[in-house]
Colleague: 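Quick one: the structure is below, and I'll ask about it shortly.
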Amino acid sequence: MEAYSAEFKADAVALYLSDPARTYASVANDLGVNRETLRLWVRQAQSAGTAVKKMGPVKKPPADR
């Protein structure tokens, strides 16, 4: 029997990928899972095509001059 449901894993992956500022460690800590476990789930989802790559920080447009 698996410790985590597919839905939990998918939600964890989505949470990590949704915020460019979040790290594996911070998301894993919030969810109570191991950082490497979360990293594995993200890589598996990306390989399966069910998750996109994490975006970098969004650059702010220049202020009006």
Side-chain angles (χ1 to χ4, degrees):
M1 183 173 143
E2 244 179 79
Y4 301 100
S5 70
E7 182 178 9
F8 180 84
K9 291 178 184 180
D11 288 347
V13 169
L15 179 61
Y16 170 73
L17 293 173
S18 70
D19 186 349
R22 297 292 302 267
T23 64
Y24 285 118
S26 68
V27 174
N29 188 50
D30 287 350
L31 298 175
V33 300
N34 183 282
R35 176 182 61 86
E36 285 301 310
T37 299
L38 176 60
R39 187 182 68 80
L40 178 63
W41 294 345
V42 170
R43 292 188 65 170
Q44 288 172 338
Q46 290 171 335
S47 292
T50 57
V52 296
K53 293 201 181 285
K54 188 167 184 170
M55 302 291 289
V58 176
K59 292 183 180 177
K60 294 181 181 179
D64 289 338
R65 296 177 204 174

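On a predicted model such as this, the values are computed, not experimentally measured, just so you know.
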Colleague: If only atom types and distance count, is the side chain of Thr37 paired as donor or acceptor with the main-chain N or O of Val33 below 3.5 Å?
Modeller: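 Between the backbone of Val33 and the side chain of Thr37 there is no qualifying donor-acceptor contact (under 3.5 Å).
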Colleague: In Å and rounded to the nearest 0.5 Å, what is the OH to CZ distance from Tyr24 to Arg35?
Modeller: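 It is 9.5 Å, given to the nearest 0.5 Å.
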Colleague: Provide the closest heavy-atom pair for Lys9 versus Tyr4 in the form atom of the first, atom of the second, distance.
Modeller: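 Heavy-atom minimum between the residues: CE-O, 3.7 Å.
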Colleague: Evaluate Leu31 against Leu15 for side-chain contact (heavy atoms from CB on, under 4.5 Å), listing each step before the verdict.
Modeller: CA-CA 10 Å; Leu31 298 175; Leu15 179 61; 4.2 Å; yes
Colleague: For ring pair (Phe, Tyr, Trp, His ring centres under 6.0 Å), just list the numbers for Tyr16 and Trp41, CA-CA rounded to whole Å, side-chain angles, deciding distance to a tenth of an Å, and then say yes or no.
Modeller: CA-CA 10 Å; Tyr16 170 73; Trp41 294 345; over 10 Å; no
Colleague: Check Gln46 against Leu17 and note the closest heavy-atom contact, atom names and distance.
Modeller: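 That closest heavy-atom pairing would be NE2-CD2, 4.0 Å.
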Colleague: Dump the intermediate steps for side-chain contact (heavy atoms from CB on, under 4.5 Å) on Asn29 and Ser26, then the final yes or no.
Modeller: CA-CA 5 Å; Asn29 188 50; Ser26 68; 5.8 Å; no
Colleague: Looking at every non-hydrogen atom in both residues, tell me the closest pair between Leu38 and Ala28 and how far apart they are.
Modeller: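 Heavy atoms only, the tightest pair is CD2-N, 3.8 Å.
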Colleague: Report the C-alpha separation of Arg22 and Asp30 in whole Å, then their side-chain angles, then the decisive distance to 0.1 Å, and conclude whether the side-chain contact (heavy atoms from CB on, under 4.5 Å) test is met.
Modeller: CA-CA 11 Å; Arg22 297 292 302 267; Asp30 287 350; 2.5 Å; yes
